[in-house]
2 protein chains.
Amino acid sequence: MQKANITDIAEMAGLSITTVSRVLNGKAEQYRIGKKSQQKVREAAKKLNYVPNHFASNLRTGKSGTIALIIPSLNNPFFAGIASEINTAVRKFNYITIISDSDENVDTEKMELLQLAARNIEGLIIVPCGDQWEHMKEIQDMGIPVICIDRYFEDIDIPFISTDNYEGAFNATKYLIERGHSRITCIQGVQGSTPNRLRVKGFMDAMKEAGQENYIITGDDFTFHNGYLETKLLLQLKERPTAIFALSNTIAMGCMKALKEKNLQIPKDISLITFDDHPYLDYLSTPLSCVEQPVKDISIMAVKFLLSLIQGKSIAQSQVLLKPNLIVRDSVGAPAE
Amino acid sequence: MQKANITDIAEMAGLSITTVSRVLNGKAEQYRIGKKSQQKVREAAKKLNYVPNHFASNLRTGKSGTIALIIPSLNNPFFAGIASEINTAVRKFNYITIISDSDENVDTEKMELLQLAARNIEGLIIVPCGDQWEHMKEIQDMGIPVICIDRYFEDIDIPFISTDNYEGAFNATKYLIERGHSRITCIQGVQGSTPNRLRVKGFMDAMKEAGQENYIITGDDFTFHNGYLETKLLLQLKERPTAIFALSNTIAMGCMKALKEKNLQIPKDISLITFDDHPYLDYLSTPLSCVEQPVKDISIMAVKFLLSLIQGKSIAQSQVLLKPNLIVRDSVGAPAE
DNA sequence: AAAAATAGAACAAACGTTTGTACAAGAAAT
DNA sequence: ATTTCTTGTACAAACGTTTGTTCTATTTTT
């Protein structure tokens with residue numbers, strides 16, 4: 001049984017393809033198609049197992065019913081979570097998502113964007129992986145709405161939804177200080193990225209507010225490897241930090257590996273707190289305290305936002321920061337001395 | 001700057017759209033297009049920033065350059081890993097992947113398949129979430145190649161690539177037995193699914209071979225919740241098992257939660273081994289031993305396989321089982337008595 | 001010098017929709 | 001008995017490609 005098309009239905013129903021199309025698109029009333037005709041069309045469609053050809057309709061209408069999501073890595077549970085949420089949210093609007101991972105590589109990101117553009121995506125949600133935004137601006141200038149989530153750019157008019165990274169970092173740092181820590185090291189991610197800058201700023205401000213100048217900021221990537229290496233280096237210092245603030249869960253995992261190799265216990269020997277939550281964190285040797293980002297809210301807002309833009313509505317507020325949530329587990333203790 | 005089309009290029013180059021199309025599709029030689037003409041076309045295309053309209057070409061050719069991947073849940077790191085691998089593998093062939101998660105729900109799975117069919121996917125890679133296969137057979141009968149990975153069906157002629165679940169379970173069980181365990185409980189997943197059946201069989205055979213009849217098989221779902229509940233129940237028994245074999249990483253996490261709530265230590269109080277590996281497993285309170293599935297190999301094979309089928313090549317062997325790998329960490333010890 | 005072969009490029013149909021507009025037939029108004 | 005509405009439906013163009021076929025020069029052969 002070959003795929004039936006609108007013409008087959010028209011023949012079976014004894015009507016024109018115009019009529020069929022209008023009935024199937026819910027424009028029957030608008031074009032005053034008779035009840036019996038509607039009935040005939042629907043029956044024929046069912047009988048023929050009709051599935052509309054998206055390509056044809058998209059070619060005609062210019063609407064693809066597709067949005068793209070680019071994230072740095074599906075293997076990172078934090079982004080996988082975002083992808084999952086967005087996927088389901090988008091589907092509710094009868095759109096479909098094409099997910100791409102840029103592998104934390106700006107060039108890959110650019111290439112993928114080009115490929116996606118060729119597929120007539122109607123909108124783009126992206127967690128940019130670098131500090132470049134020109135290619136995203138280009139897409140936007142083509143009339144395709146773009147929304148950044150998680151990571152974003154401050155001075156460009158690309159809408160974004162993210163966590164209030166400053167507040168998250170500030171609170172986490174304050175929490176460390178309140179538990180008595182003063183020698184705290186912050187292992188950061190990509191320095192050019194806004195979230196990283198804000199997290200670092202939150203960290204520094206909290207330290208300064210407490211009159212602590214005894215801090216180190218190091219690292220340069222949101223990766224396992226960066227966390228591992230920097231921690232290794234830290235542990236060489238004659239005066240080790242008593243606490244580490246990792247600016248992502250990947251970094252934190254790297255830390256943990258390095259700590260484990262040195263047989264250091266958390267929080268007995270050293271305290272650790274991180275950005276990003278994940279179910280697994282609760283089952284680690286020491287359940288990890290963290291700054292939880294409102295992933296679900298971000299995802300849902302982003303989708304609603306994007307679809308509004310696609311429908312040509314302008315949105316009231318195009319730059320949104322949602323409050324993070326400090327989850328206290330067992331990885332922060334009193335400073336070891 | 002509006003999107004340029006083939007006609008714009010033709011005008012700029014002073015040639016017909018036919019010629020332009022042929023040059024751009026690499027059919028210049030075949031149709032003996034002159035070198036200068038080719039040059040002109042290419043220059044114009046570059047100058048106009050031409051991006052071909054996939055819809056139009058797909059409408060014409062019937063080829064969408066798209067394959068679909070349906071997995072039970074993106075939130076499960078095991079499947080996220082598969083998705084990531086497949087995504088990148090597919091991209092190398094200039095195809096694109098639409099990822100859907102069925103949320104472990106057969107009805108969702110069916111609905112998504114329908115939606116995807118309407119998008120003219122050229123092939124489907126699926127980790128089926130239930131024990132129904134009719135909808136997949138339908139797709140296949142429409143001439144769209146289908147490949148099951150991880151989970152599959154034995155008696156249907158849908159090609160599959162998976163782990164040798166029997167061997168994996170057999171070896172893991174044998175490993176437990178060798179460490180001295182005899183009272184072992186296996187917490188299984190969806191009973192109707194082939195991998196589950198084979199894992200259970202591997203478990204039972206290993207037990208029988210060792211002359212152990214003192215085992216329990218329980219559970220009915222590859223979920224966190226199932227693992228949690230079943231473990232809770234197990235711990236009520238007057239004669240607790242000394243080891244648990246969880247048939248998925250989600251189940252294992254549920255186990256761990258239940259064990260933790262009872263303040264039981266792994267492996268001191270009870271041993272645990274599981275199917276599926278994940279980086280996090282190495283950082284748990286007790287690094288978890290597991291049966292690692294060759295995710296990358298499965299993914300790459302599936303993609304190559306699928307693309308062969310799409311190109312109309314028949315494939316030599318359509319049912320492949322790859323060897324699993326037992327990763328020994330610290331979660332299995334001598335039985336507590 | 002005429003015929004044949006070759007190289008190079010264009011015509012036009014087709015893919016399956018959507019949609020502005022036109023048309024036909026009956027009902028209502030004159 | 002005409003004209004004017006209304007109701008219901010169909011025509012045909014358009015979306016941007018691809019591709020089988022045809023056409024026109026130019027070159028080669030006879």
Side-chain angles (χ1 to χ4, degrees), chain A residues 2-42 44-45 48-66 117-122 142-143, chain B residues 2-42 44-45 48-66 117-122 142-143:
Chain A
Q2 287 308 320
K3 293 176 203 172
N5 62 21
I6 212 175
T7 313
D8 299 327
I9 298 182
E11 268 172 24
M12 177 176 267
L15 292 165
S16 77
I17 61 168
T18 306
T19 305
V20 172
S21 172
R22 289 189 166 133
V23 170
L24 261 27
N25 285 312
K27 302 196 176 168
E29 304 309 313
Q30 187 184 339
Y31 287 94
R32 304 157 312 193
I33 312 285
K35 295 288 175 197
K36 305 144 238 160
S37 296
Q38 292 189 36
Q39 194 59 17
K40 277 193 277 185
V41 168
R42 278 186 239 282
L48 291 171
N49 231 311
Y50 174 69
V51 178
N53 181 326
H54 264 253
F55 289 145
S57 83
N58 295 339
L59 176 57
R60 182 63 229 262
T61 62
K63 301 289 166 196
S64 66
T66 304
R119 297 194 174 243
N120 297 36
I121 53 167
E122 289 185 49
M142 284 169 72
Chain B
Q2 288 307 322
K3 294 174 203 173
N5 61 21
I6 212 176
T7 313
D8 299 328
I9 299 182
E11 268 171 24
M12 178 176 264
L15 293 164
S16 77
I17 60 168
T18 306
T19 306
V20 173
S21 172
R22 289 188 166 135
V23 170
L24 262 27
N25 285 311
K27 303 197 177 167
E29 304 310 313
Q30 186 183 340
Y31 287 93
R32 303 157 313 194
I33 312 284
K35 295 288 175 197
K36 306 146 236 160
S37 296
Q38 294 188 34
Q39 194 59 17
K40 277 194 279 185
V41 168
R42 279 186 238 281
L48 290 171
N49 230 309
Y50 173 70
V51 179
N53 182 327
H54 265 253
F55 290 144
S57 84
N58 295 338
L59 177 58
R60 183 63 231 262
T61 61
K63 301 287 166 199
S64 65
T66 305
R119 294 188 177 249
N120 297 36
I121 53 167
E122 289 185 48
M142 284 169 71

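None of the values given here were measured: they were computed from a predicted structure.
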Undergrad: Is there a side chain to side chain contact (heavy atoms under 4.5 Å, CB included) between B:Thr66 and B:Arg119 once you walk through the steps?
TA: CA-CA 9 Å; B:Thr66 305; B:Arg119 294 188 177 249; over 6 Å; no

Undergrad: For DNA chain D, whose closest nucleotide is more 5', that of A:Lys36 or that of B:Lys27?
TA: A:Lys36

Undergrad: Rounded to the nearest Å, what distance is computed from the CG atom of residue A:Leu15 to the P atom of nucleotide C:dC23?
TA: 20 Å

Undergrad: How close or far is atom P of C:dC15 from atom CG of A:Asn58, stated in whole angstroms?
TA: 18 Å

Undergrad: For B:Ser21, answer base if it contacts any base atom (sugar-phosphate contacts may also be present), sugar-phosphate if it contacts only those atoms, and nothing otherwise; contact means non-hydrogen atoms under 4.0 Å.
TA: base

Undergrad: Measure from CD1 on B:Ile9 to P on D:dT17 and round the result to the nearest Å.
TA: 8 Å

Undergrad: Does a side-chain N or O of B:Ser37 approach OP1 or OP2 of C:dA9 to a distance below 4.0 Å, or not?
TA: yes

Undergrad: Quick check on D:dT17: is either OP1 or OP2 less than 4.0 Å from any side-chain nitrogen or oxygen of B:Tyr50?
TA: yes

Undergrad: When you check the phosphate oxygens OP1 and OP2 of C:dA10, does a side-chain N or O of B:Thr19 lie under 4.0 Å from one of them?
TA: yes

Undergrad: Counting only distance, no hydrogens or angles, is the base of D:dT19 paired donor-acceptor with the side chain of B:Thr18 under 3.5 Å?
TA: yes

Undergrad: Consider the side chain of B:Leu59, meaning its heavy atoms from C-beta on, and name the nucleotide among C:dT17, D:dA10, D:dG16 that approaches it most closely.
TA: D:dG16

Undergrad: Would you mind reading off the distance between A:Tyr31 atom OH and D:dG8 atom P, rounded to a whole angstrom?
TA: 16 Å

Undergrad: Taking CD from A:Gln39 and P from D:dG8, how many angstroms apart are they, rounded to a whole number?
TA: 15 Å

Undergrad: Would you name the heavy atoms of A:Ala10 and A:Ser16 that are closest together and state the gap between them?
TA: CB-C, 3.8 Å

Undergrad: Which listed nucleotide (C:dA10, D:dG16, C:dT21) is nearest to the side chain of B:Asn5?
TA: D:dG16

Undergrad: Taking all atoms of both residues into account, what is the closest heavy-atom pair of A:Tyr50 and A:Ala4, and its distance?
TA: CD1-O, 3.3 Å

Undergrad: Kindly determine whether A:Leu24 and A:Val41 satisfy side chain to side chain contact (heavy atoms under 4.5 Å, CB included), including the steps that lead there.
TA: CA-CA 8 Å; A:Leu24 261 27; A:Val41 168; 3.6 Å; yes

Undergrad: Rounded to whole Å, please give me the gap between CD in B:Gln30 and P in C:dA7.
TA: 14 Å

Undergrad: With a 4.0 Å cut-off, would you call A:Lys35 and A:Glu29 a salt bridge?
TA: yes

Undergrad: In whole angstrom, what separates A:Phe55's CZ from C:dG16's P?
TA: 12 Å

Undergrad: Can you check the A:His54 NE2 to C:dG16 P distance for me, whole Å?
TA: 15 Å

Undergrad: Find which nucleotide of DNA chain D each of B:Thr61 and B:Arg32 is nearest to by heavy atoms, and output the residue with the more 5' nucleotide.
TA: B:Thr61

